[in-house]
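Worksheet: the structure to be examined is printed underneath.
When a ligand or atom number is given, it counts from 1 through the structure's own listing order.
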Amino acid sequence: MPIDATLPYDDQNIFAKILRGEIPSTRVYEDDHALAFLDINPQAPTHILVIPKGAYVSWDDFSARAPDAEIAGFVRAVGIVARNAGLVEPGYRLLANIGQHGHQEVPHLHVHIFAGRPLGPMLAR
Ligand code: AMP
């Protein structure tokens, strides 16, 4: 079920538990501001999730409240993860779902990295 991205942060959400190491994940990158791990239900041959370490519900929350250093660190981390995975050529797609119409399911900001095949048009029609 999509979440209401205006709700306060819930520290029991599944990505908060992954950040705390309470449930397993296949981690591919970590630094001061971000953690990246493989999506449990991949939608492409490569499907990585990148999350900020701070407690932010969504892109809306993050872009409104996060200090500049956290925003810069997170944006750079997304680029590093894709570069480290060798995705720059032939390319990849970033996606962040926000709220109900965005079909966001986990209420901790995450950016999806999809790659590994031609990904087709942006949205299903
Ligand atoms: P979204 O619809 O943008 O909120 O995407 C949530 C994503 O989290 C989906 O692609 C799920 O497959 C993924 N996901 C849910 N639980 C886990 C988990 N425990 N480990 C890795 N990925 C997960």
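Taking the six-membered ring where tryptophan is involved, the planes of His47 and Phe114 are tilted, since the angle between them lies from 30° to 60°. In this structure, His112 and His110 have perpendicular ring planes: the angle between them is above 60°, well past the 30° mark.
Nearest protein heavy-atom contact of atom 22 (N) of ligand 1 is Ile40 N, 3.1 Å. Looking from atom 6 (C) of ligand 1 to the surrounding protein, the closest heavy atom is His110 NE2, 3.5 Å. His103 O, 3.0 Å is the protein heavy atom nearest to atom 2 (O) of ligand 1. For atom 8 (O) of ligand 1, the closest heavy atom belonging to the protein is Phe15 CZ, 3.4 Å. Protein heavy atom nearest atom 10 (O) of ligand 1, with residue, atom name and distance: Asp39 OD2, 2.5 Å. Atom 4 (O) of ligand 1 has its closest protein heavy atom at Glu105 N, 2.6 Å.
Residue-ligand proximity, His112 to ligand 1, at heavy-atom distances under 4.0 Å covers atoms 1 (P), 3 (O), 5 (O), 7 (C), 10 (O). Within ligand 1, the atoms closer than 4.0 Å to a non-hydrogen atom of Leu38 are 21 (C), numbered from 1 in the order shown. Taking every heavy atom of Asn41 and a limit of under 4.0 angstrom, the matching atoms of ligand 1 come to 12 (O). Listed by atom number, the atoms of ligand 1 under 4.0 Å from Gln104 heavy atoms are 4 (O). For ligand 1 and Val106, the ligand atoms under 4.0 Å from any heavy atom of the residue are 4 (O), 6 (C).
Within the structure, the closest approach of Leu95 to ligand 1 does not fall below 4.0 Å when heavy atoms are considered. Under a 4.0 Å heavy-atom criterion, Ile3 is not in contact with ligand 1. In this structure, Gln43 falls outside the shell of residues with a heavy atom less than 4.0 angstrom from ligand 1.
Minimum heavy-atom separation, Arg27 to Leu19: NH2-O, 3.6 Å. Of all heavy-atom pairs between Ala36 and Ile48, the closest is CB-CG2, 4.0 Å. Scanning both residues, Arg65 and Asp61, for their nearest heavy atoms gives NE-OD1, 2.6 Å.
We find that Lys53 and Glu30 are joined by a salt bridge, their nearest charged nitrogen and carboxylate oxygen being less than 4.0 Å apart.
Between the CZ atom of Phe62 and the CD atom of Glu70 there is a distance of 6.0 Å, given to the nearest 0.5 Å. In this structure, the separation between NE2 on His103 and CD1 on Ile98 is 13.5 Å, given to the nearest 0.5 Å.
Counting only distance, with no hydrogens or angles, the side chain of Gln104 and the backbone of Val57 share a donor-acceptor pair below 3.5 Å.
Aromatic pair Phe15/Phe37: ring centres closer than 6.0 Å.
Residue-level proximity to ligand 1 for Asn97 is carried by the side chain, the only part with a heavy atom below 4.0 angstrom.
The N/O atoms of Phe37, backbone and side chain alike, include none that comes under 3.5 Å of an N/O atom in ligand 1.
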